[in-house]
Amino acid sequence: MDFELSEEQQLLKDMVGRFMQDRYDFEKRKKYMAEPGGFSEEIWAAYAEQGLLAVPFAEEDGGIGGGPVDLMIVMEEMGKALALEPYLSTVVIGGSILRTTATPAQRSALAEEIIGGACKLAFAHSEPKARYELAHVETKAAKSGDGYTLDGAKTLVMYGGVADKLIVSARVSGATTDEAGVGLFLVDPKADGVAIRDYPTQDGLRAAEVTLTGAAAELLGDTPDSMAAIRQASDEAIAALCAEAAGALGKSLDLTVQYIKDREQFGRAIGSFQGLQFQASEMFVELELARSMMMYGAMASRDADPVERSRAVSAAKVQLGRSAKQLGEKSIQLHGGVGMTMEYSIGHYFKRLSIIDRTFGDTDHHLAQLDAVGGMAA
Amino acid sequence: MDFELSEEQQLLKDMVGRFMQDRYDFEKRKKYMAEPGGFSEEIWAAYAEQGLLAVPFAEEDGGIGGGPVDLMIVMEEMGKALALEPYLSTVVIGGSILRTTATPAQRSALAEEIIGGACKLAFAHSEPKARYELAHVETKAAKSGDGYTLDGAKTLVMYGGVADKLIVSARVSGATTDEAGVGLFLVDPKADGVAIRDYPTQDGLRAAEVTLTGAAAELLGDTPDSMAAIRQASDEAIAALCAEAAGALGKSLDLTVQYIKDREQFGRAIGSFQGLQFQASEMFVELELARSMMMYGAMASRDADPVERSRAVSAAKVQLGRSAKQLGEKSIQLHGGVGMTMEYSIGHYFKRLSIIDRTFGDTDHHLAQLDAVGGMAA
Amino acid sequence: MDLEFTAEEKAFRDEVRTFIRENLPEGTRTRMKEGRGTSKQDMVDWMKILADKGWSAPRWPKEYGGPGWNAIQQYIFTEEIQLNHAPDPQGFNISMVGPVIYTFGNDAQKKKFLPSILDCSVWWCQGFSEPGAGSDLASLKTKAVREGDEYVVNGQKTWTTYAQHADWIFCLVRTNPDAPKKQMGISYLLIDMKTPGITVRPIQTIDGGVEVNEVFFDNVRVPVENLVGEENKGWDYAKFLLGNERIGIARVGASKAKLRRVKELAASVPQGEGSLMDDPRFRAKVWETEVELKALEMTQLRVLSDIAIRGGKKPHPASSVLKLKGSEIQQSITHLLMDVVGPYAIPRSMGVEGSNEPSVGPDWADAIAPGYFNYRKVSIYGGSSEVQKGIIAKAILGL
Amino acid sequence: MDLEFTAEEKAFRDEVRTFIRENLPEGTRTRMKEGRGTSKQDMVDWMKILADKGWSAPRWPKEYGGPGWNAIQQYIFTEEIQLNHAPDPQGFNISMVGPVIYTFGNDAQKKKFLPSILDCSVWWCQGFSEPGAGSDLASLKTKAVREGDEYVVNGQKTWTTYAQHADWIFCLVRTNPDAPKKQMGISYLLIDMKTPGITVRPIQTIDGGVEVNEVFFDNVRVPVENLVGEENKGWDYAKFLLGNERIGIARVGASKAKLRRVKELAASVPQGEGSLMDDPRFRAKVWETEVELKALEMTQLRVLSDIAIRGGKKPHPASSVLKLKGSEIQQSITHLLMDVVGPYAIPRSMGVEGSNEPSVGPDWADAIAPGYFNYRKVSIYGGSSEVQKGIIAKAILGL
């Protein structure tokens, strides 16, 4: 039992923290958001240079062989800065799927491109009627020569509009919510039969609707039967989102505490009023519980037993959702009017936190997941 | 639309308020509790003298023809004093059942006795396996000559040990939870075949287990089919309990505010700390919501439509339960250590409130009742 | 005690309801129902319709163009407006500046301003808040210095709702910086927004829209005839305003309409074999909110009953609950809507300039997250929840 | 980072678990499980069993009779104690007075007191709190005036847990009333409860039991050799104690055991066709509590990991969460139990003197309501939740 970062992990944390501090303040972020893809290509290149895009990939594929705690570290620091780039889809989800599903040849080829910064991925999995059900896949894949062709519609594909490659789930057999018969495919977003509608999201990121009409696709791995891999990738994504949320929560508390220290009313700092101090303390409690569950989720997110893994990850998502609501809402309240404006950063944190809560299943969904497995079984 | 008390109601309120203040302070209450029946026979006689036992009975039966608001007024004042006497079972429930079920002859005979203070009633309805389901009646009634004999077990009969007459529900036909086939019977607690185990309750009141073994009984009314009357009586009892709870909540807040005004720590009244002030304000909000729903429940408790009536009464019980928990727990917290002792009155209020929440259905039960009728249908 | 309205009150309610249903433009109704807010034109059109009926100012006495309704009629009107997805009458005109002018203004002012206030052909905004003042409104710094027949105004206001729509602004300005208390020395000025020296800077809020603005005054010359009442007495007039809005503040009707919508939408969202409304845990959250809303409604009616009988001279203690709990409930409902919309909270299509693409997800989905963000304000503006708790602690509990 | 215990740690856990299961008397286990509290004899017997094994003082160093465990072993031991319904080692002996004596006491005191502290053959209680002091502990008034070789003690202590069981009391007393700060001038005295002039008055608590007492000192003569450390330095020794109990305070193991019981009992309570555990709304409440408890456990492990590595010299910021959130969770669980027991919360049979009637309702039911009432104390005693929030605001957030 050990909650300490290793020396390498501490170095990684310091490095990412410094990098984000130097390159990603609130004003710079606004500029990145205004760039064509909704993020900074320059920063993406710098991530590559710093080795951040190599974290989860195996050393044999040119990666640094990091585990979920390393990704947690990176995501937490990115959460503090509200980083915009498609790190989650490319590195976390992409890394997971390459590891679990791709053939060795696919893996080493893609890993090289990703690590070098030349390839951004989007994970085109959710479908309009799926809500949060992972196994709801209506998109069809049909064998066609060496490859496949796909037909269907994918929704809320994070950074689907800027990805160099799409990882698309599609069904070769079975009914809409069957576990069996779902494959993962690589699709060139510029290929014929791929239509992409790019749009902004509430938190200032980007997403896309992807429509596939006989689009050419390459199967990832050898068999189109990847629901287990999709569940694994989803759990890793959730753990990473929890870390991002914890980072955003930490920064939200810092900003709020600083604000109530500086802001004077009736001739004194409003942070000297006990009623506000108690609220700030309650925020701190939520933050520490969130951090604890971030770690728990990360450590469990590669557990070999899928039931235990999902149980832990769902619990983490529930806690982060709860903390995000409690701490986030208080952070706006304590800022008062300025918290309502786009000119202060706190509102941007609140919005990102609110959207993370709706990504890969909201609090109620993950409580239902826990219910299905009999709770925490403590 | 009018939330004002009539002149008579205001007089009633003042009268009961004054009476309780004079005769029912915390020290006196301890003495009453130590009397054999767990309440004061002298106070009961005084209630009779003041006309309080006559409130709901028709004028033709010697009563004063009061409605649910009058009972609400009395119960709220009794709640402020934590009155011990079996007013709920005798006057509120008894009054309801006599009105809805008894024959004119039974009604006028019993009303006279009750009003004069000579007859206390207990309502022996709940059964060990019923939890909060009103229609769960296993006790059997069999015709026997002019009357009936009863066999079964009743639980948690409030003041069953001191009652002069028991009103017992028993089934003449049908399965355990059928609506049809349940009659209400008068039973002499001293009759053969009636065994009573009297015990104290957590809030300092008394209750009893009643076992019936071929006990002689007189049918109330003409037909043994009184589930509708039982539901009506239960709704009136709930409305009255809500009023009692609102009274106890009001007094709890008063005691707490006074305590934090008087109590000094670190050289100042603890009530001057904003963190405590905010908690007291939140208690006030809970109190006002509780009072509002007390009125709503009372006004609706005689509604002719049983669905609308129960909907309103369940909503009132939910709000009172919620307020009791929030306000009650804070009242102990703000008192600190002394709130934990039997020597201060606040703990007695907290306990009574906690027990009221479990009487005639707890908060979860009444939420389920609302669920069954599609919520408030607002 | 009686929960029922009288037969006349019911008839009045039906009349109001019918009028709204028959006269509210469909586009406005839909935008209100879906929480998309209304345009300036929506409001102006609706105010014209109400004014033609004589209903645009429900609390005004007859002599100034109001309908002369009693407290219960006012309440019924407000409730029906909100239940039927109609906009409340433009508040700055009707609840704020109008009553101040007819109570404290001179005859010339009444004659000049009241008619166009009533039908909203002139749009007013409020210049009270200043940067850094927050809940401490009286610490305002905008100065007005008398020069001959004019005041010269310099300073800055903020949180000015719909300043971008406004033709006129009513302002609190400091006319005597040396007054012994900061509440003294404040005057109440009416200023034409077209006067040179006024600049409006929109503030984008976290819902993505622009409701509020900063308003800058740079040597703005205001004729002295635009002073309301006496110089340096403006704080009293403002306080009169602040106490003027108690019942409506709970927004029970609006919350009822929104909760209804929660249930309607949840029934349309598939979950498992059925819909989200088949989920007993979700339903329980809805019923709990409904009970709280009923408790708030009853509290509001208690206060109303008190006003109807005693004229509201002394505020009923329960009235202090209305804003605090009303805000909490409004916010809970916007969170329930987030639970309903689920992943389709994510896309932002509403308010994206130049976008005429269809909404991502169901039609109604794109207004939900902005609504949740926007409603954070209700516990901040108009006396924050902290201020409300302080008032209860001090004024009611005597702490 | 690694959630798993090492193989040695797991072996240790198994050893502890087996020992407890094999040696804890069945009656004690049942009373603990059902929340009925333990008698003095239960505790004394159990302490003897632990002491014989050398485990009665998990945190003590070997030289004073402790097992010399590291922080992780101490944690595992505590967790297993609580999970298996065993009483925690008698706290006043083991966590409070023992460490003060072996840290600040002289050799004679160590020799005289430590052995009987370890096996609880002498029962100690704590005389810190005084009437009216509350969270302001240092304002204590009980005086000790030196007369020759004795202190003469006069005053009153309150909230003295199990004073009725105690053979000795460790007290904070004021020896210098003229000290410049109230924290100065306090001394730490050990007093035999049989000394003439001591009176114990039980305080009945709202759960109906007697856990706490008032202790009166009327010219109680205490030999000076019973002074621990230096005169007027007692506050430092007390503070050392107060910082000494951080991990256990969250009571995660106890809450886990209790939540397990919630599920077990709910499955035995009929509702509709099935049991209360078939109610999805009830289950959701249980899962929410389980998640919070897991979050608390992880927080506790983070603090523990920090202590294991850095020796706990500087408290980990997250440690301040443990008491606050731990209390909240313990209280939620007692409320869940109230939801489980339902109407059978009402009868009072436990603790009614002279009663040997069977319990009304299920066997386990009569301890539920007293448990709910009793647990109100956990957010009051030992640094109330308000005090904890103040500490976080000031010491951690710098407000």
Side-chain angles (χ1 to χ4, degrees), chain B residues 126 128-133 136 155-156 158 177 197 199-209 263-267 270 273 275-276 279 325 328-329 332-344 346-348 350-351 354-365 367-368 371, chain D residues 129 131-136 138-139 158-159 203-212 269-272 276 279 281-282 285 331 335 338-339 341-350 352 355 357-362 366 368-370 372-374 376-377 379-381 384-386 389-390 393:
Chain B
S126 290
K129 291 189 199 145
R131 203 164 161 97
Y132 299 122
E133 282 313 320
H136 185 114
T155 188
L156 299 168
M158 293 308 298
T177 57
R197 175 186 164 195
Y199 49 84
T201 58
Q202 292 291 343
D203 49 3
L205 277 56
R206 314 278 310 174
E209 301 298 288
R263 172 96 168 102
E264 292 197 359
Q265 220 167 278
F266 305 106
I270 61 175
F273 289 99
L276 266 58
Q279 291 190 60
K325 179 169 193 299
E329 292 182 353
I332 300 294
Q333 183 71 25
L334 295 194
H335 272 79
V338 300
M340 290 296 301
T341 72
M342 295 290 273
E343 293 168 17
Y344 268 67
I346 192 68
H348 298 254
F350 176 62
K351 294 206 285 185
S354 303
I355 294 307
I356 288 177
D357 190 33
R358 309 289 150 186
T359 309
F360 283 99
D362 61 16
T363 306
D364 282 350
H365 172 77
L367 270 175
D371 193 40
Chain D
S129 293
S135 300
D136 187 10
S139 68
T158 193
W159 310 128
I203 301 173
Q204 199 186 21
T205 42
I206 55 174
D207 54 291
V210 175
E211 276 183 5
V212 291
V269 167
Q271 181 171 295
L276 183 56
D279 180 339
R281 295 169 304 131
F282 179 77
K285 290 202 276 188
Q331 292 179 333
H335 197 265
M338 287 291 273
D339 288 340
V341 73
Y344 283 118
I346 299 174
R348 179 161 104 86
S349 38
M350 191 173 93
V352 177
S355 162
E357 299 232 31
S359 140
V360 177
D366 57 345
I368 303 297
Y372 171 64
F373 302 144
N374 182 270
R376 296 283 102 218
K377 76 183 176 194
S379 54
I380 295 174
Y381 296 169
S384 72
S385 292
E386 286 75 19
K389 287 184 190 175

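Letters A, B, ... mirror the listed sequences (proteins, then strands); counts begin at 1. Because the structure is a prediction, the values reported are computed rather than measured.
In this structure, B/Ser354 and D/Tyr372 approach most closely via the heavy-atom pair OG-CE2, 3.6 Å. Contact detail for B/Met342 and B/His348: the closest heavy-atom pair is O-NE2, 2.8 Å. Nearest heavy atom pair, residue B/Arg131 against residue D/Asp339, reads NH2-O, 2.6 Å.
For D/Tyr381, the OH atom sits in a packed shell: over 12 heavy atoms of surrounding residues, nucleotides or ligands are nearer than 6.0 Å.
Among B/Glu209, B/His335, B/Arg263, the residue with the largest count of heavy-atom pairs under 4.5 Å with chain D is B/Arg263. Here D/Val269 is the residue among D/Val212, D/Val341, D/Val269, D/Thr158 with the most heavy-atom pairs under 4.5 Å with chain B. Annotation: maximal heavy-atom pairing with chain D below 4.5 Å, among B/Lys325, B/Glu343, B/Glu329, occurs at B/Glu329. Of the residues considered (B/Ser126, B/Gly336, B/Gly361, B/Gly347), B/Gly336 shows the highest number of contacts with chain D, using heavy-atom pairs under 4.5 Å.
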Practice item. List the steps and the verdict of side chain to side chain contact (heavy atoms under 4.5 Å, CB included) for B/Phe360 and B/His365. Key: CA-CA 9 Å; B/Phe360 283 99; B/His365 172 77; over 6 Å; no
Review point. Yes or no on side chain to side chain contact (heavy atoms under 4.5 Å, CB included) for B/Thr201 and B/Ile355, after CA distance, side-chain angles and deciding distance?
Key: CA-CA 9 Å; B/Thr201 58; B/Ile355 294 307; 5.6 Å; no
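With a threshold of 4.5 angstrom between heavy atoms, B/Glu264 approaches chain D through N, CA, C or O but not through any side-chain atom. Only the backbone of D/Asn374 has a heavy atom closer than 4.5 Å to any heavy atom of chain B. Contact of B/Ala368 with chain D is made through backbone and side chain together, with heavy-atom distances under 4.5 Å. For chain B, the nearby parts of D/Ser379 are the backbone and the side chain; heavy atoms of each come within less than 4.5 Å. For chain D, no part of B/Leu205 is nearby; none of its heavy atoms comes within less than 4.5 Å. For D/Ile368, no part sits under 4.5 Å from any heavy atom of chain B, backbone or side chain. Contact annotation for D/Arg281: only side-chain heavy atoms (C-beta onward) come within less than 4.5 Å of a heavy atom of chain B. The parts of B/Phe266 that come within reach of chain D are both its backbone and its side chain, each placing non-hydrogen atoms under 4.5 angstrom from that chain. Heavy atoms of D/Pro270 lying under 4.5 Å from chain B belong exclusively to its backbone. The contact between B/Ile332 and chain D is made by backbone and side chain atoms together, counting heavy-atom distances below 4.5 Å.
Taking 4.0 Å as the cut-off between side-chain N and carboxylate O, D/Lys285 and B/Asp364 count as a salt-bridged pair.
Distance alone, capped at 3.5 Å, places no donor-acceptor pair between the D/Lys377 side chain and the B/Met340 backbone.
Using cut-offs of 30° and 60° for the angle between ring planes, the D/Phe373 and B/Phe350 rings count as perpendicular.
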